[in-house]
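Read through the structure below, which is laid out as structure tokens, and then see the notes.
Heavy atoms only: backbone and side chains are in, while hydrogens, waters and symmetry mates are out. Numbers restart at 1 for each chain; the letters A, B, ... are given by sequence-line order, proteins then strands.
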Number of protein chains: 2
Amino acid sequence: MIYSSELIKGTLKTIVLKQLEGQRMYGYEITQRVKELTGNKIQITEGALYPTLHALEADGLVTTETEFIGKRIRKYYSLSPKGKTKIEEKVSELADFIQTMQFLLDIKPAMGQ
Amino acid sequence: MIYSSELIKGTLKTIVLKQLEGQRMYGYEITQRVKELTGNKIQITEGALYPTLHALEADGLVTTETEFIGKRIRKYYSLSPKGKTKIEEKVSELADFIQTMQFLLDIKPAMGQ
DNA sequence: CAAATATACATAAGAAAATTATGTATAAAC
DNA sequence: GTTTATACATAATTTTCTTATGTATATTTG
């Protein structure tokens, strides 16, 4: 099962930023990692990913370093200090939103993992 | 605090359908109810609401009855059988998505309410 | 070793879904 | 009588994603 695309809308930036927490990553790596972590339920397409990364960079939330692996280019993204602050905001807003939705839709939160 | 609009995208139809579970409601009533239930955190604008309701009707998920209260029109929306099935799908997909996001973003689910 | 698949970036056209603005009109409150 | 609330609706614009396309290297597989 893959989530309907409309569900993922609005959370993509948060997902991407969160992946960069702790270590730099390159675009393709992010898509693979998210796919793996979610058991294929979230598959970020390139058409969605790259514009998002570019927007994050334009907003000063991430910085980039380009490297060559053999002849192939690889662009690493790292969180900026501004980006670190932004993650916290985004994640806590989403956590709040999730609680609201669970209440509104009568969803019982899964008990302790 | 009001949630950033991008967060609500993708959940609006589900929210609206869920409100209709149990009783018919009219558009304005839905916005007020959701606002009240969420402590003003979710404010559905008319520009978002009416196109959504019309789309739900076009998809056969809701049926309508128009009534006059004095001279003022009021359009009640009710769930169709197809709509009832759709809610279950939508809500369970969202419940699943929430769990995935909690894991991906390292959000601790709130323990029993 | 040729073909298919995976890796890795990017952009452009189009679609979907909301925001913002605008319009109409009645009812209630101040 | 003016403002606010109720109640519908649509159009222009913006945002954001999908789908399609493009380029290129590296690896796997038959």
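Of the candidates D/dC17, C/dA18, C/dT11, the closest approach to any side-chain atom of A/Thr52 belongs to D/dC17. Out of D/dC17, D/dC8, C/dT11, the shortest distance to the side chain of B/Tyr50 is found at D/dC8. Closest to the side chain of A/Lys9, out of D/dC17, C/dA18, D/dT25, is D/dC17.
Among the heavy atoms of the strands lying under 4.0 Å from A/Leu12 are primed sugar atoms or P, OP1, OP2 only; no base atom is included. Base engagement by B/Arg72 is indicated by at least one non-hydrogen atom pair under 4.0 Å involving a base atom.
Between B/Glu29 and B/Lys75 no salt bridge is recorded (no basic side-chain N to carboxylate O distance below 4.0 Å). For the pair B/Glu65 and B/Arg24, the salt-bridge criterion is met [side-chain N within less than 4.0 Å of a carboxylate O].
If B/Gly47 and B/Gln32 are placed on DNA chain D by their nearest nucleotide, the residue sitting closer to the 5' end is B/Gln32. Along DNA chain C, the nucleotide nearest to B/Thr11 and the one nearest to B/Lys71 differ in position, and the one closer to the 5' end is contacted by B/Thr11.
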request  = Could you walk me through whether B/Phe103 and A/Thr38 pass side chain to side chain contact (heavy atoms under 4.5 Å, CB included), step by step?
outcome  = CA-CA 9 Å; B/Phe103 169 67; A/Thr38 62; 5.9 Å; no
Worked check of side chain to side chain contact (heavy atoms under 4.5 Å, CB included) between B/Thr64 and B/Glu57 = CA-CA 8 Å; B/Thr64 61; B/Glu57 191 179 7; 3.1 Å; yes
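Interface remark: the A/Glu46 side chain does form a donor-acceptor pair with the C/dC9 base, using a distance-only criterion of under 3.5 Å.
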